[in-house]
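For reference, the structure is listed below as structure tokens.
FYI, side chains are in, hydrogens and waters are out, and symmetry mates aren't considered; it's all heavy atoms of this structure. As the structure is a computational prediction, the values presented were derived from the model and not from experiment.
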Amino acid sequence: REVYGKTRAVQGRLNDIGMLCATSAARHADGPDTGQYTAEALQMLLALGRYVRLFNMLLYASLTSRFAVLRTPRGMGELVRRGAVTRAEYNALLQTGMGHHAVLEWIATLLNSALSDGRLCGSDSGGEPGVLQIALQKKLTELRQSYGSIEDLLTGRMPLAYAQLVQIM
């Protein structure tokens, strides 16, 4: 039951990140495409969506034996074949062995570069880049906290106070 609440928190933080990005992505200010995302902002949002799906797949592959095959070269090769990961990303994931942790770093890097080059907060309706950057970093760290606590619950780590009490006895 507690794990279920944590997995819902992971989904919530990913939804928060998506909403913040979708509402602050650069849009055309005039012309026939007024209000529509710029081509660059749309590409960034599509990349973010792909990274979020990949993060989910690799996270749950690391938490369950049922989906663990996705972390193997064979499983990752299938993800390449289906377009969930590029060949370059596949190579990077195999070299680092960081799985979903690496994808979270890719998300953070994508968002930081989008803030710096105007794909996020690049139009009048996009808001302030500094404020959005702080909000996104907060959501990313909350995401890390949420999925980290799932791993802790599943490994059955005992509280530090309990271990200290046993040592004293």
For side-chain contact (heavy atoms from CB on, under 4.5 Å), just list the numbers for Trp106 and Val103, CA-CA rounded to whole Å, side-chain angles, deciding distance to a tenth of an Å, and then say yes or no.
CA-CA 5 Å; Trp106 298 348; Val103 178; 4.0 Å; yes
Quick one, Ser62 with His100, criterion side-chain contact (heavy atoms from CB on, under 4.5 Å). Give me CA distance, side-chain angles, the key distance, then yes/no. CA-CA 8 Å; Ser62 74; His100 61 282; 3.2 Å; yes
Using the side-chain contact (heavy atoms from CB on, under 4.5 Å) rule, take Thr7 and Tyr60 through it: C-alpha gap first, then chi angles, then the decisive distance, then the call. CA-CA 10 Å; Thr7 59; Tyr60 291 105; 3.5 Å; yes
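Side chains of Met98 and Leu93 form no contact here, defined as non-hydrogen atoms less than 4.5 Å apart. Taking the side chain as every heavy atom from C-beta outward, Tyr51 and Leu104 never approach each other to under 4.5 Å. No side-chain heavy atom of Leu132 sits less than 4.5 Å from a side-chain heavy atom of Cys21. With a 4.5 Å cut-off on side-chain heavy atoms, Phe67 and Met57 do not count as touching. Looking only at side-chain heavy atoms (C-beta outward), Leu111 and Ile17 come within less than 4.5 Å of each other. Side-chain contact between Ser146 and Gln11: absent, with no pair of heavy atoms (C-beta onward) separated by less than 4.5 Å.
Gln95 contributes atom CD, which lies 6.0 Å from atom CG of Asn91 (distance to the nearest 0.5 angstrom). Here the CZ atom belonging to Arg71 is positioned 9.5 Å from the CE atom belonging to Met76, to the nearest 0.5 angstrom. Between the CG atom of Leu143 and the CG atom of Leu14 there is a distance of 5.0 Å, given to the nearest 0.5 Å. We find the CG-CG distance between Leu59 and Leu63 to be 4.5 Å, quoted to the nearest 0.5 Å. Of the inter-residue distances, the one linking Leu136 atom CG with Leu120 atom CG reads 7.0 Å to the nearest 0.5 angstrom.
The side-chain hydrogen bond (donor to acceptor under 3.5 Å, both in side chains) check on Thr86 picks up Glu89, with sequence neighbours excluded. The salt bridge (Lys or Arg N to Asp or Glu O under 4.0 Å) check on Glu78 picks up Arg81, Arg82, with sequence neighbours excluded. Applying the salt bridge (Lys or Arg N to Asp or Glu O under 4.0 Å) test to Asp33 and every residue at least two apart in sequence or in another chain returns nothing. Legend: residues meeting salt bridge (Lys or Arg N to Asp or Glu O under 4.0 Å) with Glu142, ordered by chain and number and at least two apart, are Arg13, Lys138, Lys139. Legend: residues meeting side-chain hydrogen bond (donor to acceptor under 3.5 Å, both in side chains) with Gln133, ordered by chain and number and at least two apart, are Asn112. Take Arg87 and apply the salt bridge (Lys or Arg N to Asp or Glu O under 4.0 Å) test, not counting sequence neighbours, and it matches no residue.
Listed here is the closest heavy atom pair of Ala22 and Arg27: O-NH2, 3.1 Å. Of all non-hydrogen atoms in Gly118 and Ala26, the two that sit nearest each other are O-CB, 3.4 Å. What you find for Met44 and Ala114 is that their closest heavy atoms are CG-CB, 3.8 Å. The heavy-atom pair separating Ala29 from Thr34 by the smallest distance is O-CG2, 3.7 Å. The shortest heavy-atom contact between Arg74 and Val69 is NH1-CG2, 3.9 Å. Nearest heavy atom pair, residue Gly77 against residue Tyr90, reads N-CE1, 3.6 Å.
For the pair Arg53 and Phe55, the cation-pi criterion (under 6.0 Å, within 45° of the ring axis) is not fulfilled.
Leu110 and Ile134 are not part of a single hydrophobic cluster, where members link through side-chain heavy atoms under 4.5 Å apart. Cluster membership for Leu115 and Val131, using ILVMFWY side-chain heavy atoms within less than 4.5 angstrom, is not shared.
Counting only distance, with no hydrogens or angles, the side chain of Thr23 and the backbone of Leu20 share a donor-acceptor pair below 3.5 Å.
Ring orientation note: the planes of Tyr147 and His101 are tilted relative to one another, at an angle of 30° to 60°.
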